[in-house]
Each structure stands twice: as C-alpha cells, then as structure tokens.
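Proteins get letters first, then strands, A, B, ... in listed order; numbering begins at 1 in each. As a basis for the values below, the full set of heavy atoms in this structure was taken, side chains included, without hydrogen atoms, waters or symmetry mates.
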Amino acid sequence: MRVEYVEAVLEVVERIPAGSVLSYGDVADLLGSGGARQVGTAMSRHGSAVPWWRVLRAGGHAPKGLEAEALTHYLQEGTPLRGDYLRFAGMGEGRWRVDLTAARWMPSEEDLDALDLIAEHLETSLRKLSVANDGMTE
DNA sequence: ATTCTGACTTGCT
DNA sequence: AAGCAAGCCAGAA
C-alpha cells in the first residue's frame with residue numbers, strides 16, 4: 001500500500017469532526033480509490049495518531065478489538081448510539097452500535113472542497129507512479 | 001498464476 | 001443479534 005494512499009486516508013479522518021463518523025467504505029468513496037478493506041488496512045497499521053474511532057464498520061460497529069476504547073470516545077464526544085451502552089458504559093460492554101444515520105458526517109461545502117483536493121492529489125500522484133512503472137516494464 | 005489474509009460490505013438464514 | 005457466503009481490493013508468499 002502506497003504511502004500517498006495512507007496519508008490521504010489519514011487526512012480525511014482528521015477532518016471528521018468530534019461526534020461524527022464515517023464508514024470505511026465512505027472514506028474509500030471520498031478518496032475515489034481503493035475500497036473499504038484498503039482503508040481498514042491503512043487505519044490498522046497507521047491510524048493510531050488520528051481519531052481512528054471516527055471510522056468504523058458500515059453497520060455501526062467499532063473497529064474489531066477496539067470496541068471498549070471506542071465507546072469511551074463516543075460517550076465523550078456525544079456520538080449518537082443505539083443499544084444497551086448505558087448499562088455497561090464503564091466497561092465498554094454490552095450490545096451497542098453507533099447510530100450511523102444520525103452520526104454520519106455531512107461535510108460542509110468547504111470540507112467538500114478540501115476532500116476533493118485530497119482525492120485529486122492522491123489521484124495525480126498515483127497516476128505518475130503507474131506511468132513510471134510502465135516505463136520500467138517496457 | 002494461484003492462494004491466503006485482512007480495523008470491509010451486502011444479502012440471506 | 002449472529003453466522004455465513006460472496007464479492008471486494010491489495011499486498012505477500
């Protein structure tokens with residue numbers, strides 16, 4: 001996975017405001033490159049320095065293995081949740097999910113501009129590399 | 001080229 | 001809610 005891709009993913013995640021979230025697939029769509037799995041891989045390996053809990057599965061479940069820690073962040077940020085999170089909030093246990101329809105980030109116009117810029121930059125740098133590789137192959 | 005492996009997704013039981 | 005199968009995209013062996 002190219003560093004340009006990882007950086008683009010992280011830039012997008014950093015723009016998600018507290019209390020909002022995006023699914024892995026959402027991020028991939030915004031980038032216009034790769035898929036949900038790629039975003040997941042990038043976050044798994046390089047996401048520790050950004051608000052990683054704001055990117056999660058399409059069904060509203062937090063990233064595998066990080067549910068407890070994610071829940072504390074959701075409670076702090078007031079992220080819309082569904083389920084029995086109240087009862088076990090302290091331990092991060094119980095059945096709960098982020099209410100994606102309510103919590104999904106709706107970027108403002110300027111945010112959209114910034115996101116477009118990120119996607120565009122990513123596209124051009126990836127294109128350059130593929131051209132360079134074609135040259136090598138021949 | 002083939003197979004396996006993922007912080008994935010969608011549809012169906 | 002939980003499990004499964006398929007489809008998905010990329011990297012590694």
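The side-chain hydrogen bond (donor to acceptor under 3.5 Å, both in side chains) test applied to A:Asp111 returns A:Arg15, A:Ser108, not counting sequence neighbours. Legend: residues meeting side-chain hydrogen bond (donor to acceptor under 3.5 Å, both in side chains) with A:Arg82, ordered by chain and number and at least two apart, are absent. The side chain to side chain contact (heavy atoms under 4.5 Å, CB included) test applied to A:Ala103 returns A:Val21, A:Thr79, A:Pro80, A:Val98, not counting sequence neighbours. In this structure, A:Glu14 has no side-chain hydrogen bond (donor to acceptor under 3.5 Å, both in side chains) partners at least two apart in sequence or on a different chain. Under the side chain to side chain contact (heavy atoms under 4.5 Å, CB included) criterion, A:Glu11 pairs with A:Glu7, A:Ile118, not counting sequence neighbours. Remark: A:Ala42 engages A:Met1, A:Val6, A:Val9 in a side chain to side chain contact (heavy atoms under 4.5 Å, CB included) (not counting sequence neighbours).
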Look for any protein N or O under 3.5 Å of an N or O in nucleotides 4-6 of chain C and output each such pair with its distance, or none.
none

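Across all non-hydrogen atoms, the minimal contact from A:Leu10 to A:Gly47 is CD2-CA, 4.1 Å. For the residue pair A:Ser23 and A:Ala58, the shortest heavy atom distance occurs at CB-CA, 4.0 Å. When all heavy atoms of A:Tyr74 and A:Ala62 are compared, the pair lying nearest together is OH-CB, 4.0 Å.
The nearest whole Å value for the distance from the CZ atom in A:Arg57 to the C1' atom in C:dC8 is 17 Å. Rounding to whole angstrom units, CD of residue A:Glu67 and C1' of C:dA2 are separated by 14 Å. Counting to the nearest Å, the C1' atom of C:dA2 and the CH2 atom of A:Trp96 are 17 Å from each other. The NZ atom of A:Lys64 sits 14 Å away from the P atom of C:dA2 (whole-angstrom rounding).
Remark: A:Thr72 OG1 to A:Leu66 CG distance equals 10.5 Å, nearest 0.5 Å.
Among residue pairs with one or both ends in residues 29-46 of chain A, none qualify as side-chain hydrogen bond (donor to acceptor under 3.5 Å, both in side chains); sequence neighbours excluded. The stretch residues 53-65 of chain A participates, sequence neighbours left out, in these side-chain hydrogen bond (donor to acceptor under 3.5 Å, both in side chains) pairs: A:Trp53-A:Glu77, A:Arg54-A:Glu77.
You can see that DNA chain B meets the heavy atoms of chain A within a 4.0 Å-exclusive cut from B:dG6 to B:dT10, reading 5' to 3'.
Scanning residues 33-48 of chain A for heavy-atom distances under 4.0 Å to DNA chain B yields A:Ala36, A:Arg37, A:Gln38, A:Gly40, A:Met43, A:Ser44. The stretch residues 6-26 of chain A comes close to DNA chain B through A:Ser23, A:Tyr24, A:Gly25, each having a heavy atom under 4.0 Å from the strand.
In this structure, the side chain of A:Ser20 does not engage the main chain of A:Ile16 through any donor-acceptor pair within 3.5 Å.
B:dA7 and C:dA13 have their C1' atoms separated by 23 Å, given to the nearest Å.
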